[in-house]
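Structure, as structure tokens:
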Amino acid sequence: MADILHRRIRWDIRRDGEWTIVLFRHEGWREEVEFMHHCSTTWATYLMSLEELVETGRGAPDPRDVRISDWH
């Protein structure tokens, strides 16, 4: 449980021409376990939902998000 305290969420945002680049990191995992990969994929679906929200005014947050596993 102690290693949870060392995990960090980090966002770096920059412009590249007409594009906004969002670099996202979920750092501090002690080891690569199956749940880490699940979290990585879940973050990706949240970011896609955020993009949809910004661009269209309607995202796909829980419970309308993409189901990626039974851990959902």
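In this text the structure is predicted, and so the values were computed from the model without any measurement.
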Next on the checklist: W11 vs L23, test: side chain to side chain contact (heavy atoms under 4.5 Å, CB included). Steps then yes/no.
Outcome noted: CA-CA 6 Å; W11 304 81; L23 300 175; over 6 Å; no
Item to check | salt bridge (Lys or Arg N to Asp or Glu O under 4.0 Å) against R58, all qualifying residues, sequence neighbours excluded | outcome: none
Next on the checklist: Could you work out, with side chain to side chain contact (heavy atoms under 4.5 Å, CB included) as the rule, every residue matching A60, not counting sequence neighbours?
Outcome noted: S49, E52
Checklist entry - Once the angle between the rings of W43 and F24 is folded into 0 to 90°, is it parallel (under 30°), tilted (30 to 60°) or perpendicular (over 60°)? => result tilted
Checklist outcome for this item: d(R25 CZ, S40 OG) to nearest 0.5 Å is 13.0 Å
Checklist entry - Is I9 linked to Y46 within one hydrophobic cluster, defined over Ile, Leu, Val, Met, Phe, Trp and Tyr using a side-chain heavy-atom separation of less than 4.5 Å? => result yes
Checklist outcome for this item: So NE2 of H26 and CZ of R10: to nearest 0.5 Å the spacing works out to 13.5 Å
Next on the checklist: Taking side chain to side chain donor-acceptor pair (under 3.5 Å) as the cut-off, I'd like each qualifying pair that reaches into residues 14-23, sequence neighbours left out, listed once.
Outcome noted: R15-T20
Item to check | Any residue meeting side chain to side chain contact (heavy atoms under 4.5 Å, CB included) with T45, in chain and number order, not counting sequence neighbours | outcome: T42, M48, V66, I68
Item to check | H37: partners by side-chain hydrogen bond (donor to acceptor under 3.5 Å, both in side chains), with sequence neighbours left out | outcome: none
